[in-house]
Amino acid sequence: MHSVSERENRIRKLNELREKGIEPYPYQFERTHAVSSALKNFEKLVETETQVKIAGRLRTRRDFGKTIFFDLHDESGKIQLYIRKDEALLALPALLSPQKVATDFLGTPALPGTPPDQLSSNNALPERNVPPGKHPLFSDFLSLVDLGDFVGVSGVLFRTKTGEPTVNVKEFTMLSKSLAALPEKYHGLQDTEQRLRKRHLDLLVNQETREVFRTRSRLIALTRRFFDERGFLEVETPMLQPLYGGAAAEPFRTHYRVLDRDYFLRIATELYLKRLIVGGFEKVYEIGKDFRNEGLDRVHNPEFTMLEAYQAYVDYFQMMKLTEELFRLLASELTGSTTVTPVTWMGAEFDFSGEWEKVEFVPALAEKIGTDPLQLSEDDLRKICKAKGVEVTDQTPYGKMLDKLFTELVQDHIHGPAFVADHPRIISPLAKVHRNNPQLVERFEPVIAGVEFGNAFSELNDPLEQRRRFEEQTARHEEFSVMDEDFIQALEQGMPPTGGLGLGIDRMVMLFTDSASIRDVIIFPQLKEEGK
RNA sequence: GCCCGGCUAGCUCAAUUUGGCAGAGCGGCGGAUUCUUAAUCCGUAGGUUAUAGGUUCGAUUCCUAUGCCGGGUACCA
């Protein structure tokens with residue numbers, strides 16, 4: 001909500017600019033330097049008295065009567081402007097008639113026959129049109145400038161008495177009028193709700209927020225490079241699917257009008273990527289959004305970014321190595337160091353330089369409950385849950401109880417980085433049976449600070465076994481289980497031994513930006529609509 | 001979904017404990033100021049205290065409900 005007077009003031013100024021023939025929203029401004037490059041080359045630019053042209057948003061102002069200072073920000077940084085009001089000229093955006101401005105402000109029409117090239121983009125008024133000793137043009141214009149406006153300036157660089165690198169502005173161009181006040185200049189925007197709802201303001205005033213999303217971009221670019229360099233093919237599989245699968249989650253439903261058929265937003269890319277392995281690609285990966293119709297918390301958002309990678313002829317041990325290598329690369333590249341330094345996340349340090357700890361699911365859980373969980377009846381398991389304070393109902397299925405027990409008794413306390421490995425078969429319908437124990441599967445989940453970062457298998461490629469696993473699930477009336485005949489048919493065509501890996505990109509960004517909530521790393525996180 | 005907490009000017013925060021005219025800084029508006037950088041100085045405007053009810057002589061303050069945000073919990077291969 002705007003203060004009415006603030007917005008009305010600015011609209012009044014906007015109209016006044018137009019009345020004076022100054023276009024508040026011109027089309028372009030040719031910069032010679034980004035702020036950071038002007039600062040970086042400062043000494044040389046001063047020495048050569050180079051005319052620099054810089055553009056950005058005015059953020060603070062210090063007015064001294066005959067002179068004025070502004071801080072001008074662009075994406076790369078901020079620089080101070082110094083303007084002598086009686087010397088600086090107003091540069092006119094292209095497409096406006098300099099004649100009109102000259103008449104309005106100076107009382108003298110522009111010289112007839114001024115060559116058109118002097119009227120175009122860099123058309124400062126010729127010096128000779130400004131009466132000696134009197135330069136009302138910029139001063140009048142200045143009162144129509146607000147903090148938050150975009151402007152372009154031209155001038156030479158110098159250092160003020162206090163040593164601050166500064167542009168001595170000779171020409172000033174209005175580039176875009178802002179109609180809304182900026183948040184408080186010192187404290188910025190603090191309110192969490194506003195920061196998420198008005199992310200543009202958060203980015204505008206909070207440097208740390210901008211940094212998070214730069215890191216996110218670099219993390220994704222590095223991840224792509226990592227898989228590309230290893231010969232993986234990046235692919236895009238459907239988000240809109242007639243069936244969903246590859247995870248146990250409630251999907252978002254939609255309807256395709258032309259086909260008059262219900263569709264689902266994907267909950268995982270797994271089943272399509274495996275079809276591509278069947279099709280003969282030996283290494284594929286996809287980075288994209290998955291959608292799950294479930295709750296929000298500090299590590300869950302209904303739409304989130306997932307990486308899935310599949311490689312033929314390897315098992316889950318290879319996927320562990322791949323995971324370790326990827327995190328090692330990210331840890332060294334994203335900490336700005338050439339060596340792997342510990343990554344700090346939520347007050348703890350994580351070392352990605354070596355092999356990860358391995359926590360075997362069943363033995364680790366057995367240690368906590370004093371007995372082999374796989375030897376227990378469903379009733380006994382339920383009793384143990386209750387004894388350990390793990391909330392279950394009489395309807396909670398066996399696999400679910402195992403998973404909850406493990407999560408609360410073991411996983412939550414893992415510092416990591418660790419691989420939780422070799423899960424019970426019953427909770428892992430897409431993973432291959434463990435080569436040494438038919439009750440287990442070859443599976444691991446990367447866990448850091450108790451948080452799951454992904455999921456990986458030696459992929460189940462026996463089509464008849466896969467059908468039985470799906471049938472088992474359906475028989476247990478597990479929620480959201482689907483028999484994907486089309487997928488099983490693809491498997492029947494033959495899929496080589498394959499290792500698969502899924503990683504939650506958002507959680508990885510949380511780790512490498514030391515963010516406590518997934519909302520901090522998703523640029524427009526899910527929020528309810530504001531009530532009326 | 002459930003439990004708890006928060007919501008005061010455009011922004012950052014006071015006042016609520018114990019009910020008694022809702023204040024300040026930034027930003028705005030007007031003025032002064034030729035080296036400031038959270039500029040300074042003088043003056044000034046800006047509020048249905050999230051929304052709707054209730055208690056009370058009187059409610060930002062106490063009670064109820066609703067909305068949104070947050071924390072927890074539930075759901076979550």
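None of the values given here were measured: they were computed from a predicted structure. Just so it is clear, the values below take in all heavy atoms, side chains as well, and ignore hydrogens, waters and symmetry mates. Just so we're on the same page: letters track the sequence lines, and every chain starts at 1.
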A:Arg298 vs A:His187, nearer the 5' end of RNA chain B by closest nucleotide
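The residue mapped nearer the 5' terminus is A:His187.
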Test of understanding: with side chain to side chain donor-acceptor pair (under 3.5 Å), list the residues that count as partners of [X], not counting sequence neighbours.
| X | value |
| --- | --- |
| A:Tyr82 | none |
| A:Arg57 | none |
| A:Glu485 | A:Arg467 |

Quantified in whole Å, what is the [atom1] atom distance between nucleotide [N] and nucleotide [M]?
| N | M | atom1 | result |
| --- | --- | --- | --- |
| B:rG47 | B:rU8 | P | 16 Å |
| B:rG31 | B:rU48 | P | 28 Å |
| B:rU66 | B:rC75 | C1' | 25 Å |
| B:rA52 | B:rG30 | P | 34 Å |

Side chain A:Thr160 and base B:rU36 donor-acceptor under 3.5 Å:
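Per atom types, the contact qualifies.
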Contact list for RNA chain B against residues 67-84 of chain A - heavy-atom distance below 4.0 Å
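Residues of residues 67-84 of chain A under 4.0 Å from RNA chain B: A:Thr67, A:Phe69, A:Gln80, A:Tyr82, A:Arg84.
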For A:Asp146, which of A:Arg61, A:Arg59, A:Lys13 qualifies under salt bridge (Lys or Arg N to Asp or Glu O under 4.0 Å)?
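That would be A:Lys13; it is the only one of A:Arg61, A:Arg59, A:Lys13 passing the salt bridge (Lys or Arg N to Asp or Glu O under 4.0 Å) with A:Asp146.
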Nearest-neighbour nucleotide for the A:Pro183 side chain, B:rA74, B:rC11, B:rA39 considered:
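It is B:rC11.
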Regarding A:Gln190, tell me which of base, sugar-phosphate or nothing describes its non-hydrogen contacts under 4.0 Å with the strands shown.
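Sugar-phosphate only.
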Which donor-acceptor pairs under 3.5 Å do side chains of residues 65-73 of chain A form with protein atoms, sequence neighbours excluded?
from    : atom 1 : to      : atom 2 : distance (Å)
A:Asp71 : OD1    : A:Arg62 : NH2    : 3.1
A:Asp71 : OD2    : A:Thr60 : OG1    : 2.8

Check ring-ring contact (aromatic ring centres under 6.0 Å, His included) between A:Tyr316 and all other residues, then give those that pass, not counting sequence neighbours.
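If we apply the ring-ring contact (aromatic ring centres under 6.0 Å, His included) test to A:Tyr316, skipping adjacent residues, there are no hits.
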